[in-house]
Amino acid sequence: MPDMLANGAAWLAGQLKASAGRTVTITDGSQTISVTATIGSSRFEAANTSGVTEVWETRDFIVAPADLDAIGFPAHGWYVTDTIDGVDVVYAVRTPAGVPEWHYGDGFRQTVRIHTVIADSGDTLLTTEDGELLIT
């Protein structure tokens, strides 16, 4: 008997890619590939070595695992470039310490969620205990 849930997850991933996907490039420093990705976000909270809770918000690029076959799964130091309103915006693959740079987006491994932050913005974002965002 076919696994209806796995088939449904594969169908849903295909529909998401077809209806909400956009072309981005991923580079590991030596090679670059173009893939179709959908956009998401994640929020992480982690205490640093000083005991201060850091809040991270990432822009996630959700891709099919097979689309990464030529380059492999992303790691710290890789970059994703997305064109927004005609401007190339570069994102660095990055997460807080102890958090993987990517994970499967569903239980059937139909998607990979790549966590990134904007590269070279020059700004440091801090969140106070009251939830106020500070930019330094």
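All residue numbers refer to positions in the sequence shown, counting from 1.
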- Item | Spacing of Trp78 atom CH2 and Glu101 atom CD [to the nearest 0.5 Å] | 10.5 Å
- Value rounded to 0.5 Å, distance of CZ in Arg43 from OG1 in Thr58: 11.0 Å
- Task: Identify, with sequence neighbours excluded, every residue that meets ring-ring contact (aromatic ring centres under 6.0 Å, His included) alongside Tyr91.
- Result: Phe61
- Query: So do the side chains of Val63 and Ile114 get within less than 4.5 Å of each other, counting heavy atoms only?
  - Reply: yes
- Identify the heavy atoms of Trp102 and Pro74 that sit nearest to each other, and give their distance. CD1-O, 3.2 Å
- Task: Determine, step by step, whether Arg94 and His76 satisfy the side chain to side chain contact (heavy atoms under 4.5 Å, CB included) criterion, reporting the C-alpha distance in whole Å, the side-chain angles of both residues, the deciding distance to 0.1 Å, and the verdict.
- Result: CA-CA 6 Å; Arg94 201 134 318 125; His76 185 85; 2.9 Å; yes
- Query: Roughly how far, to the nearest 0.5 Å, is the CD atom of Glu54 from the CD atom of Glu45?
  - Reply: 11.0 Å
- Heavy atoms of Gln110 and Ala13 approach each other most closely as CB-CB, 3.9 Å
- Message: Can you see whether Ser41 engages Asp60 through a side-chain donor-acceptor pair at a distance of less than 3.5 angstrom?
- Response: no
- For the residue pair Ile26 and Leu68, establish whether any side-chain heavy-atom pair is separated by less than 4.5 Å. yes
- Could you tell me which non-hydrogen atom of Ala70 sits nearest to which non-hydrogen atom of Ile33, and how far apart they are? CB-CG2, 4.3 Å
- Message: Apply side chain to side chain contact (heavy atoms under 4.5 Å, CB included) to residues Arg22 and Asp82 and explain how you reach the verdict.
- Response: CA-CA 8 Å; Arg22 58 202 292 158; Asp82 187 12; 3.1 Å; yes
- Item | Heavy-atom donor-acceptor pair, Thr83 side chain to Val87 backbone, under 3.5 Å | no
- Message: Using side chain to side chain contact (heavy atoms under 4.5 Å, CB included), reason through Trp56 and Val117 one step at a time and then give a plain yes or no.
- Response: CA-CA 9 Å; Trp56 282 60; Val117 294; 4.0 Å; yes
- Message: To check you understand the geometry: which heavy-atom pair defines the closest contact between Pro100 and Thr95, and what is its length?
- Response: O-CG2, 3.4 Å
- Indicate yes or no: at least one non-hydrogen side-chain atom of His115 is less than 4.5 angstrom from one of Arg59. no
- Query: Taking atom CD1 of Ile84 and atom CD1 of Ile39, what is their separation to the nearest 0.5 Å?
  - Reply: 7.5 Å
- Of all heavy-atom pairs between Ala119 and Ala92, which one has the smallest distance, and what is that distance? CB-N, 4.0 Å
- So Tyr104 and Phe73, would you call those rings parallel, tilted or perpendicular, with 30° and 60° as cut-offs? perpendicular
- Rounded to the nearest 0.5 Å, how far does CD1 of Ile62 lie from OG1 of Thr36? 13.0 Å
- Item | side chain to side chain contact (heavy atoms under 4.5 Å, CB included) assessment of Thr32 paired with Tyr79 | CA-CA 9 Å; Thr32 300; Tyr79 294 92; over 6 Å; no
- Message: Pairing donors with acceptors under 3.5 angstrom, does anything connect the side chains of Asp88 and Thr81?
- Response: no
- Query: Any donor-acceptor pair under 3.5 Å linking the side chain of Ser50 with the backbone of Val52?
  - Reply: no
- Reported CG-to-OG1 distance for the pair Asp67 and Thr111, which is rounded to 0.5 angstrom: 11.5 Å
